[in-house]
Amino acid sequence: MSWRLGIDIGGAFTDFYILDSKTGKTSLLKIESTPPNFEDGVIQGIEELEKQGFCIKNTSQIIHGQTVVINTIITRSGSKVGFITTKGYDILDIQRANRRDIFNFKYQKPSSFISGYMTEYVRGYIDSDGSIHESLNEEDVKKATESLLQKEAEAFAIGFINSYCNISYELKAKKIVEKILREKGYKNLFVTVSSDLSREWREYERFSTAVLNAYVQPLFVRYIGKLEDALKEKGFNGIFWLTLASGGMTSVDFAKQYPITTIEGGPVSGIIGGTTLGKLMNERDIIIVDGGSTTTKAGLVKNLVPQINTEYWIEQNDWESGYPIRVPAININEIGTGGTSIIWVDEAGNLQVGPKAAGSRPGPACYNMGGENPTLTDAYVVTGYLNPDYLLGGKLKIYKKLAEMSFKGVAKKLKLDIIDAAYGAIRVANDNSSNLIRLISIRKGFDPREFTLIAHGGSGPMIAPFIAEELSFSKVVVPTIPSGVFNAWGMIGLDIRHELVQTNVILIEKSEKFLKAINPIFRKLEDKINNVFEKEEIGSKKIEIQRFLDMQYEGQAHTLKVQCPDGKLDVKKIEKIIKTFHDVHFREYGFNLYNSGIEIVNFHLAGLHKVEHPKIKKDTNHNLLENVLIGERKVYNGHKKIIMNVYKKESLPTNILIDFPCIIEDKTSTIIVTENFKAHRDEYGNLIILKK
Amino acid sequence: MEEVIIMNKDIMSIRIIKSSLDNIAKEMFWVTIKTAKSSIIYETYDFAPAITDAKGNLISIGTGIPVFLGVMAIVAKAVTEDIEKNELELNPGDIFIINDPYKISTHLNDIALAMPIFYKDKVIAMGTIRGHVNDVGGMNPGSWGPNTTEIYQEGLIIPTSHFYKKGKLNKEIVRIILHNTRIPDYVYGDLESFAAALRYAYNRINDLCDKYGEDLVRDAMADRINDGRLIARNRLKGLIKGEFFAEEKIEKYEGMNEDIRITAKVIITDEKFIVDFTDNPPQLKAPINTTYAGVYTAVATAFTAITDPHVDLNQGYLEPLEVICPEGTIFNALSPAPVSCYWETTFYAVDLIWKALAAHIPEKLTAGHFLSVVSETISMIDPRDGKYKILCEPNPGGWGAGIDKDGESCLVSAADGETYCHPVEIIERDYPIRVECMRFNMEDGVGAGAYRGGFGMRKDYRILSDEANLVCSINRIKYPPWSVSGGENGSCNHIVIKRGDKDIWDGGRLSNFELQKGDIVSIRSGGGAGWGNPLERNPNLVLKDYKDGLISIENAKSIYGVVINLKKLEVDLEKTKKVRAEIINRINK
């Protein structure tokens with residue numbers, strides 16, 4: 001039972017990564033996904049892997065990242081949800097009332113997932129200090145349930161005002177709903193309670209989270225059920241884990257109850273993969289960029305800790321508000337520029353790249369699969385950076401002529417030669433990507449020059465040196481793990497993780513009274529987290545607890561997350577917390593208010609059960625550089641054509657410096673070492689690119 | 001402005017510099033948010049940074065609310081003029097400060113900083129920024145209120161002066177400013193955050209010049225303006241041509257005999273977008289006058305909304321604008337007219353243009369909305385900790401229907417933008433208030449139509465403090481949002497104070513009203529206006545409103561002529577046809 005398998009299912013591809021923790025042997029596979037019956041693809045993949053010597057019966061763990069949750073929301077294909085809420089409040093319709101598209105006088109708010117028809121109001125009110133103002137009218141709850149069932153509700157969400165500070169009415173209502181469902185013979189009790197998912201104030205954000213959880217739950221439970229059955233049939237009897245938005249993993253049972261916590265579990269694994277790699281390489285501050293086919297994603301990791309918060313919004317962009325989901329999530333930002341982004345000229349004559357993309361069908365013009373629009377990949381082919389004959393290790397034939405032809409229209413509009421237009425597109429795309437990095441670093445108060453850039457994904461390694469040049473990164477790492485399966489590799493290194501965030505506003509004092517107030521809060525949260533782990537059969541001794549406080553100066557409306565020391569808090573530790581808060585505040589906002597009181601707003605606890613992180617086998621070789629040269633290529637650098645040597649990444653000699661511009665190919669990506677950089681392959685097979 | 005023709009240059013570099021210039025304004029926005037001290041900056045986004053060329057032409061802007069668009073196109077030019085006219089010294093590292101509303105601004109709270117950006121020894125660009133600081137002195141805490149009659153009551157007026165001289169803080173002027181505000185720490189902190197954004201822009205533009213050469217940077221600026229000009233021309237081509245007129249009434253203020261009639265004439269030609277405000281009353285001795293900058297920003301905002309809300313904004317795009325507005329009127333007030341509550345009038349100017357054009361540009365415009373910011377200020381002592389607290393907030397309301405959609409319910413007004421309203425749970429925790437409801441304002445209703453207006457909001461605050469005080473200044477309390485094509489008008493904004501079972505006050509403007517513990521302050525914003533004949537509303541939409549609890553069975557029949565079969569929860573099509581015919585007959589008689 002020494003195998004661990006990561007499965008990352010995306011809309012287009014399903015990736016597998018296997019690690020034998022005994023021997024360190026690894027294996028990987030990428031196949032096309034099989035929507036809507038994704039489990040078919042998983043079984044297909046497992047069968048193929050078994051041919052390569054993998055044994056599902058000997059697999060102790062499967063870690064699974066999926067896109068079912070996010071797709072159900074985006075395609076509006078979830079269940080009919082009945083919503084029970086406090087009488088007198090139309091929170092899901094009012095939302096926060098902001099108008100994000102400020103010059104648009106025909107703006108449309110995000111329409112609620114719950115119509116007025118599917119909303120029922122009940123009497124009962126808890127005040128902001130948790131005390132009872134009006135007791136819960138249980139008859140109202142019963143009537144609401146009956147009425148919603150009559151209207152064919154498939155799942156229920158319950159959200160009451162102030163439930164963040166007193167959960168009792170929401171729980172009472174849940175029991176009533178479940179009782180009625182049981183009496184009526186329902187097998188699955190799909191009832192979501194807002195305070196179960198989030199204990200933070202701001203009712204709209206909490207209710208929205210509950211509603212979206214209910215919306216995806218029935219479909220998700222069916223999907224996971226089918227997958228479990230299929231795996232069992234194949235002989236799997238290890239533990240099945242699901243990836244979380246927070247960059248951890250959790251049991252199937254937890255995920256079935258709170259499916260919304262697994263949203264974005266796939267992409268987030270890439271950030272964890274980067275962190276695992278950073279640990280191995282002793283790089284503590286890293287920015288991870290994932291260059292995909294239609295988009296580029298990036299995340300930042302400071303001191304080996306990814307940036308986690310509960311401020312995730314789905315479907316939010318420059319012009320639309322989207323919907324808040326208050327579950328712990330790693331911050332990832334994304335732009336619509338990727339390898340198959342279409343290149344076009346706007347009405348003012350400016351060259352643009354994306355956000356429209358050719359995707360895998362019809363794909364870039366150079367694939368000869370019917371794509372006629374020039375894409376970023378075509379631009380790299382035309383300028384000579386990409387292999388003009390084949391890609392993907394020979395699997396994909398490239399037609400350079402078609403790439404050139406596709407640029408005719410754009411070049412004519414710009415009054416440029418085809419090759420200049422193509423090089424221009426590369427510059428614009430890299431400018432877009434650099435702005436993405438500015439967004440996650442400079443905007444948050446981090447200086448990119450102090451970070452190492454880890455680049456993966458089909459186009460990540462290709463664009464990384466250009467971004468590095470623009471933003472003065474001094475080090476770029478292209479991981480030895482093949483680009484296409486980096487997320488699946490990251491999954492193997494996920495810890496089992498649970499988090500609780502609870503709003504409880506307290507002014508900080510260096511007094512016994514204060515210590516007496518807050519120590520029990522942490523203790524209670526710890527007990528709660530231990531209970532969750534217990535359900536996954538993990539004892540409290542095996543759990544590492546990390547504590548955070550969301551803090552603000554008294555009267556402010558925005559909080560900052562501060563790490564909180566372990567153990568019982570005393571005056572000394574409080575002083576340390578205060579100092580850290582001042583420091584973080586200065587970094588984020590550039591000033592301090594030393595005379596102001598400081599408030600704790602949220603108590604945030606993360607429980608981790610650490611798994612053994614994947615190691616990378618040393619893989620040294622001592623070839624001579626001149627012996628592994630596979631060719632040279634004429635490349636256009638914007639001024640002239642230069643000759644660049646081409647190497648295969650896997651056969652590069654270990655720790656031999658290449659201090660001239662070159663192109664390095666591997667099976668899934670192409671790395672470009674530009675004039676101002678030098679490169680070498682380290683003993684693990686990672687390519688390290690350094691500023692000259 | 002003359003057109004610069006860019007010949008045979010490195011067009012790809014220019015393309016990249018252009019997008020950098022756009023991004024720099026956005027990055028300045030972040031820098032300010034990160035460093036500002038007041039929540040009106042970092043939460044409400046009541047500020048805007050911009051880049052202009054050396055002559056003051058707007059190159060790019062970053063903003064979270066619409067009101068600063070036009071203003072930013074004026075600031076740099078006014079400062080440049082002042083520097084020349086008054087022979088102020090000009091050196092690298094200088095940052096100028098100004099808040100004179102008759103020159104560049106809207107009200108005294110809006111302080112602008114401008115920094116000429118030198119490359120080597122020549123000015124290549126200007127960084128400007130303007131934001132709302134919470135107090136600049138005057139008779140009202142916060143420097144605005146419904147009771148001023150001349151500008152001198154509204155705070156300190158700062159003419160163009162050095163804030164920084166050759167990179168060094170000009171302590172004399174700073175001391176004068178800080179001696180004239182109730183909250184010197186906050187004002188100084190916010191001003192420094194503005195200066196930080198300007199220095200950021202200074203460095204970024206110098207980096208661009210180092211990398212690409214100053215000529216290319218200059219060309220890129222000119223080219224951005226060319227792009228804006230070209231796109232504006234294209235958008236104008238697609239716009240309806242002709243003359244359009246609208247009028248509205250603003251409810252009179254204390255001491256006035258009659259309501260205030262305001263008008264606008266919009267003239268759209270192939271090259272120009274002209275708004276003529278000639279026929280309007282002289283400036284008032286009430287703080288709702290707006291200066292030229294305010295009315296120019298109104299026209300710029302309306303133009304952008306009508307033509308292309310997502311366009312890259314710059315001087316070129318605003319070039320077709322022409323504002324005709326005689327001096328000394330409510331829309332172009334001169335010293336010493338008070339202007340501290342200018343925003344309501346500025347957005348009445350937007351509303352006039354909107355009303356004149358709505359029926360003609362239905363793809364971009366809806367029927368009339370609740371318009372006012374509907375802000376109330378409640379100050380109170382919190383019995384839980386004895387602290388003095390002030391709650392001041394904008395409130396959402398109903399928007400008008402469009403030709404193809406119902407109006408939005410509970411959305412902030414056009415004067416606000418990416419503005420988040422307070423959650424119930426935060427209000428209750430932070431203030432001695434219980435929010436007894438926050439829901440659609442069903443009582444005042446919406447304008448019916450083939451598409452109906454959106455619902456306003458009703459929010460009831462139970463006051464739990466022994467010492468509390470209410471100030472409010474809202475409009476559209478008598479004249480509701482206007483409808484289009486046979487729809488019905490929307491409903492009015494108002495605030496009701498309840499004591500016991502009685503409504504003891506119902507209105508829109510109050511200064512210093514003493515509240516008692518247990519009083520309810522009920523904020524009720526208006527519903528949007530309808531579009532098209534209610535009898536032509538798709539009966540299924542009426543059915544949906546009924547199911548969603550937004551209309552009664554009786555009103556469905558009397559307003560829309562729709563009969564609903566309650567057993568089947570379906571529209572009774574035959575009866576509906578009959579009832580609709582009857583109503584039409586009755587009207588025709």
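Convention: sequence-line order gives letters A, B, ...; per-chain numbering from 1.
In this structure, a donor-acceptor pair under 3.5 Å is absent between the side chains of A:R326 and A:S198.
B:R434 touches chain A through its side chain: at least one heavy atom from C-beta onward sits under 4.5 Å away, while N, CA, C and O do not. Looking at B:K405, the atoms closer than 4.5 Å to chain A (heavy atoms on both sides) all sit in the side chain, from C-beta outward. In this structure, the portion of B:D430 lying under 4.5 Å from any heavy atom of chain A is its side chain and not its backbone. No part of B:K26 comes within reach of chain A, as not one of its non-hydrogen atoms sits under 4.5 angstrom from that chain. Neither the backbone nor the side chain of B:L550 comes within less than 4.5 Å of any heavy atom in chain A. Both the backbone and the side chain of A:L414 come within contact range of chain B, with heavy atoms under 4.5 Å apart. When heavy atoms are compared at a cutoff of 4.5 Å, B:H310 approaches chain A by way of both its backbone and its side chain.
Ring geometry for A:Y636 versus A:Y423: interplanar angle over 60°, hence perpendicular rather than tilted (30 to 60°).
Between A:N435 and A:I437 the shortest side-chain heavy-atom distance does not fall below 4.5 Å.
Here A:K109 is the residue among A:K109, A:Q95, A:K87 with the most heavy-atom pairs under 4.5 Å with chain B.
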Taking it one step at a time, do A:R123 and A:T86 satisfy side-chain hydrogen bond (donor to acceptor under 3.5 Å, both in side chains)? CA-CA 6 Å; A:R123 284 167 288 184; A:T86 314; over 6 Å; no
